[in-house]
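Presented below is the structure to which this report refers.
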Amino acid sequence: MPQAIKVDPRQFWDARFSAETYAYGTEPNDFLRAQAAALPPGDALCLAEGEGRNAVYLAGLGHRVIAQDLSPVGLGKAEQLARARGVEIQCSCCDLNTFQPEANSTDLVVAIWMHLEPGLRAVVHQRAINALRPGGLFVLEAYRPEQLELGTGGPPSPELLISPEQLRQELGALEIQWLESLTRPISEGPFHQGPSAVVQFAGRKRPATDTN
């Protein structure tokens with residue numbers, strides 16, 4: 001029986017981002033836009049940021065943004081979008097297996113459509129919590145396993161999809177302000193179109209003196 005061919009993640013994403021158009025559009029994710037609307041400007045870290053639409057949006061709000069991604073092609077387009085919008089972002093081209101942000105270094109961590117194998121995802125979530133300053137916010141939207149039935153975006157592998165229960169376990173150290181499982185319409189470039197089964201999360205890091 002022939003074995004499945006494993007695709008190198010960087011090659012996959014470089015190919016996905018190689019078109020002149022933006023794979024997921026140039027406007028920010030709706031959930032991030034809603035969560036960021038009332039935030040004061042600060043330091044922000046966007047994980048698995050791809051072509052930069054969310055990072056550029058946050059920079060436009062006055063945040064100092066680091067955009068992390070595996071793909072140099074994607075980050076090249078992120079820088080191009082930033083120049084077109086008249087803002088600056090800092091790009092960090094690296095693998096999330098090895099990326100470890102400094103503790104207490106940022107006010108906002110954003111993970112929009114960051115789909116990783118479960119072991120790595122738990123590690124990245126813990127590193128994100130450590131990177132937040134007290135009072136800092138973690139914002140996430142991801143596809144749930146039910147998305148496989150809809151086929152309107154996201155990875156085809158069920159182990160890469162995320163349930164609310166998994167988020168509650170992995171991000172339970174944060175004070176959960178929003179955790180919702182829903183099906184909503186999404187229109188983000190050619191690869192995210194149509195009704196989508198998602199989970200949304202927003203949580204704040206507790207003050208150092210809060211031991212509850």
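Not measured: the values here are computed from a predicted model. Only heavy atoms go into these numbers, but all of them, side chains included; no hydrogens, no water, no symmetry mates.
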Going by side-chain contact (heavy atoms from CB on, under 4.5 Å), name the residues that satisfy it together with [X], two or more places apart in sequence or in a different chain.
X: E27; result: R33, R85
X: P195; result: T152, T183
X: T21; result: A19
X: L161; result: H115, Y143, P145, L148, P155

Who are the salt bridge (Lys or Arg N to Asp or Glu O under 4.0 Å) partners of [X], not counting sequence neighbours?
X: D107; answer: R133
X: E141; answer: R184
X: K77; answer: E51
X: E146; answer: R144

Side-chain touch [X]/[Y], heavy atoms, less than 4.5 angstrom:
X: S187; Y: H192; result: no
X: W178; Y: V139; result: no
X: I176; Y: L171; result: no
X: F201; Y: R168; result: no
X: L182; Y: Q200; result: yes
X: R206; Y: P134; result: no

Quick one: pull up [atom1] in [X] and [atom2] in [Y] and give me the separation to the nearest 0.5 Å.
X: L61; Y: L108; atom1: CG; atom2: CG; value: 10.0 Å
X: S105; Y: D43; atom1: OG; atom2: CG; value: 7.5 Å
X: L174; Y: K205; atom1: CG; atom2: NZ; value: 8.5 Å
X: D69; Y: M114; atom1: CG; atom2: CE; value: 11.5 Å
X: H125; Y: L167; atom1: NE2; atom2: CG; value: 6.0 Å
X: L137; Y: L132; atom1: CG; atom2: CG; value: 7.5 Å

Kindly say whether [Y] contributes a backbone atom to a donor-acceptor pair with the side chain of [X] at under 3.5 angstrom?
X: S196; Y: G194; answer: yes
X: N29; Y: N54; answer: no
X: R204; Y: F138; answer: no
X: S163; Y: Q166; answer: yes

So which atom in [X] and which in [Y] form the shortest heavy-atom distance, rounded to 0.1 Å?
X: L58; Y: C46; value: CD1-SG, 3.8 Å
X: I112; Y: L32; value: CD1-CB, 4.3 Å
X: A78; Y: G50; value: CB-O, 4.2 Å
X: I89; Y: A82; value: CG1-CB, 4.1 Å
X: I162; Y: A142; value: CD1-CB, 3.6 Å
X: L96; Y: A48; value: CD1-CB, 4.5 Å

* To do: Sort out for me which residue in V65, L45, I66 forms a side chain to side chain contact (heavy atoms under 4.5 Å, CB included) with Q90.
  =>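 Of the listed options, the one satisfying the test is I66.
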
* Joint cluster assignment, L70 & F191, ILVMFWY side-chain distance < 4.5 Å -> no

* Indicate if F31 and L47 have the same hydrophobic cluster label, given that clusters are the connected sets of ILVMFWY residues with side-chain heavy-atom separations under 4.5 angstrom. =>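 Unlinked, F31 and L47 end up in two clusters.
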
* Just wondering, are more than 12 heavy atoms of other shown residues or ligands nearer than 6.0 Å to CD in Q177? ->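 More than 12 within 6.0 Å, yes.
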
* Asked: Heavy-atom count around E159 CD within 6.0 Å, excluding the residue itself: above 12?
  ->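 More than 12 heavy atoms, drawn from other residues, nucleotides or ligands, come within 6.0 Å of this atom.
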
* Asked: Between the side chains of S92 and Q68, is a donor N or O closer than 3.5 angstrom to an acceptor N or O?
  -> no

* To do: Examine the side chains of E188 and W113 and answer whether a donor and an acceptor come within less than 3.5 Å of each other.
  =>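 Yes.
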
* Asked: Does any pair with a residue in residues 111-128 pass salt bridge (charged side-chain N to carboxylate O under 4.0 Å, His left out), and if so which ones, sequence neighbours excluded?
  ->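 Those involving residues 111-128 are R121-E170.
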
* Please write out which residues are connected to L75 in a hydrophobic cluster, directly or through intermediates, given that two of Ile, Leu, Val, Met, Phe, Trp, Tyr count as joined at side-chain heavy-atom separations below 4.5 angstrom. =>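 When side chains under 4.5 Å apart are linked, L75 ends up in no cluster with other residues.
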
* **Pairs satisfying ring pair (Phe, Tyr, Trp, His ring centres under 6.0 Å), at least one member in residues 51-101, at least two apart** => none

For a quick test of your reading: what N or O donor-acceptor pairs under 3.5 Å do the side chains of residues 9-16 make, sequence neighbours left out?
unit_1 : atom_1 : unit_2 : atom_2 : d
D14    : OD1    : S71    : OG     : 2.6
R16    : NH1    : Y24    : OH     : 2.6

